[in-house]
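A short write-up of the structure that comes next.
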Amino acid sequence: MRRVKVLETVAQVQAWRASLAAACKVGLVPTMGFLHEGHLSLLREAKSRVNGGKLVLSIFVNPTQFGPHEDLDRYPRDREGDLQKAAACGVDMVFCPRSPDELYPGPTAVWVDIEGLGEHLCGATRPNHFRGVCTIVSKLWAVVRPDVSVFGKKDYQQLAILRAVQRNLFFPLEVVGMPIVRESDGLAMSSRNANLDETSRRQALAIPRYLETVRQRFASGQRRVAELIGDAEDKLAPGSIAYVEVVDTTTLQPVSEIRRPALLAVAVHFGGVRLIDNTELLP
Ligand code: AMP
């Protein structure tokens, strides 16, 4: 199989981008690597939207979106495996910054942040996480200058926030959201699943089962959130819950009764590994 082009500096990526014809469309899928089918679904979607243009994958475990006691050091990495998968998906160029300094040249830190959309869910449990995400994705958009950038709905809040960044900073690109890809037993694919031991992996199935239980309650007409999610502790045991919330899909503010499209979103730790998942509840 052909090897994919790998660039490691901002200057190289800018030169590569400048060498493309004006009419050449560029698609970008930002990731932290350790690629799985969820990532590959985004790459395929981006490929299909650039009409024979260029597909770019970025792989960067962005330190500024991790808190001091989070799993930055334990985040799984597999550069060679990722490059092979990228080549098989028709990626034209992989941007693997050789160090964080490449994207954070200093000497002053410049941040992109949002007001609103970040008070609940991951924003409430991971201080500064979305500031890190908004900043790194803005930098990648500025350097790669994609026409389309594709993200997964597994990180639903991230997608909503990045749409706001795109709109408010006038990035001339389309943000596309794609459905959650799951393992055959229902667990949402995640690079972090690699850090689950056998027992925690089995216990983590409580998450998709719980989402299904709530969906069934909703389908049978229950609209009161307290009734829908009241038994979360029980149903998600022995996981340790970071949050279980039902929010409005547009404002990401909690609702007590579902009269408009809503999102049930959860973050639960199993064996020390933080897993997130969600499902839309559409009245
Ligand atoms: P990450 O490498 O975890 O930062 O994720 C990179 C992109 O892949 C983000 O847009 C995620 O939302 C997306 N993604 C991660 N897991 C999945 C999944 N199971 N299904 C769909 N998209 C995913």
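In what follows, residues are counted from 1 in the order of the sequence shown.
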Apply the test salt bridge (Lys or Arg N to Asp or Glu O under 4.0 Å) to residues R260 and D248: give CA-CA distance (whole Å), side-chain angles for both, the deciding distance (0.1 Å), then the verdict. CA-CA 7 Å; R260 291 175 21 82; D248 181 282; 3.1 Å; yes
Do the side chains of [X] and [Y] join up, straight or via other hydrophobic residues, at under 4.5 Å, putting them in one cluster?
{"X": "L211", "Y": "M189", "value": "no"}
{"X": "L103", "Y": "L72", "value": "no"}
{"X": "L55", "Y": "L20", "value": "no"}
{"X": "F34", "Y": "V94", "value": "no"}
{"X": "V214", "Y": "L263", "value": "no"}

Compare every heavy atom of [Y] with every heavy atom of [X], then report the nearest pair and how far apart it is.
{"X": "E102", "Y": "P97", "answer": "CB-CB, 4.3 Å"}
{"X": "A265", "Y": "N278", "answer": "CA-CB, 3.9 Å"}
{"X": "V244", "Y": "Y210", "answer": "CG1-OH, 3.8 Å"}
{"X": "G27", "Y": "V50", "answer": "N-CG1, 3.3 Å"}
{"X": "I59", "Y": "G33", "answer": "CG2-CA, 3.7 Å"}
{"X": "I276", "Y": "A267", "answer": "CG2-CB, 3.7 Å"}

How about [X] and [Y]: does a side-chain donor come under 3.5 Å of a side-chain acceptor?
{"X": "E280", "Y": "Y156", "result": "yes"}
{"X": "E8", "Y": "Q12", "result": "no"}
{"X": "E119", "Y": "Q253", "result": "yes"}
{"X": "R77", "Y": "S191", "result": "no"}

pair [X]-[Y]: side-chain heavy atoms closer than 4.5 Å:
{"X": "F218", "Y": "I258", "value": "yes"}
{"X": "V26", "Y": "V144", "value": "yes"}
{"X": "P254", "Y": "V246", "value": "no"}
{"X": "T9", "Y": "R98", "value": "yes"}
{"X": "E45", "Y": "K47", "value": "no"}
{"X": "F60", "Y": "P30", "value": "no"}
{"X": "L187", "Y": "L205", "value": "yes"}
{"X": "L275", "Y": "L196", "value": "yes"}

Pairs involving [range], ordered by first then second residue, that meet side chain to side chain donor-acceptor pair (under 3.5 Å) (sequence neighbours left out):
{"range": "residues 14-25", "answer": "none"}
{"range": "residues 142-152", "answer": "W141-S149"}
{"range": "residues 157-169", "answer": "none"}

Non-neighbouring partners of D113 that pass side chain to side chain contact (heavy atoms under 4.5 Å, CB included), sequence neighbours left out: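 Testing D113 for side chain to side chain contact (heavy atoms under 4.5 Å, CB included), a comparison that skips the adjacent residues, returns R131.
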Test side-chain contact (heavy atoms from CB on, under 4.5 Å) on L281 and R215; report intermediate values, then the result. CA-CA 7 Å; L281 301 171; R215 262 197 306 269; 4.0 Å; yes
Is NZ or CZ of R201 both nearer than 6.0 Å to the six-membered ring centre of F270 and within 45° of the ring axis? no
Let me know which of R44, M178, E174 forms a side-chain contact (heavy atoms from CB on, under 4.5 Å) with V150.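 Going through the options one by one, the only one that passes is M178.
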Going by the side-chain contact (heavy atoms from CB on, under 4.5 Å) test, name the single residue among L57, V91, L40, L43 that passes it with K85. L40
Got a sec: does the CD of E233 have more than 12 other heavy atoms crowding it under 6.0 Å? no
Mind running side-chain contact (heavy atoms from CB on, under 4.5 Å) on M32 and S58 for me, showing each step along the way? CA-CA 8 Å; M32 298 205 295; S58 64; over 6 Å; no
Check the pair V225, E245 against side-chain contact (heavy atoms from CB on, under 4.5 Å), reporting the backbone distance first and the verdict last. CA-CA 9 Å; V225 169; E245 281 188 278; over 6 Å; no
Please enumerate all residues that pass ring-ring contact (aromatic ring centres under 6.0 Å, His included) together with H36, with sequence neighbours excluded. H39
Only pairs at least two apart or in different chains count here, so list each ring pair (Phe, Tyr, Trp, His ring centres under 6.0 Å) that has a residue in residues 99-130.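 Passing the test, one end in residues 99-130: no pairs.
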Check this for me: does any side-chain nitrogen of one of E70 and R192 sit under 4.0 Å from a carboxylate oxygen of the other?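 Salt bridge: no.
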About how many Å separate CG of D277 and NZ of K154, when rounded to the nearest 0.5 Å?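 It comes to 7.5 Å.
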Checking salt bridge (Lys or Arg N to Asp or Glu O under 4.0 Å) for the pair D231/R217: CA distance, chi angles, key distance, verdict? CA-CA 12 Å; D231 57 354; R217 290 174 183 159; 2.7 Å; yes
Would you check, one step at a time, whether the test side-chain contact (heavy atoms from CB on, under 4.5 Å) holds for R224 with S256? CA-CA 6 Å; R224 284 201 306 279; S256 52; over 6 Å; no
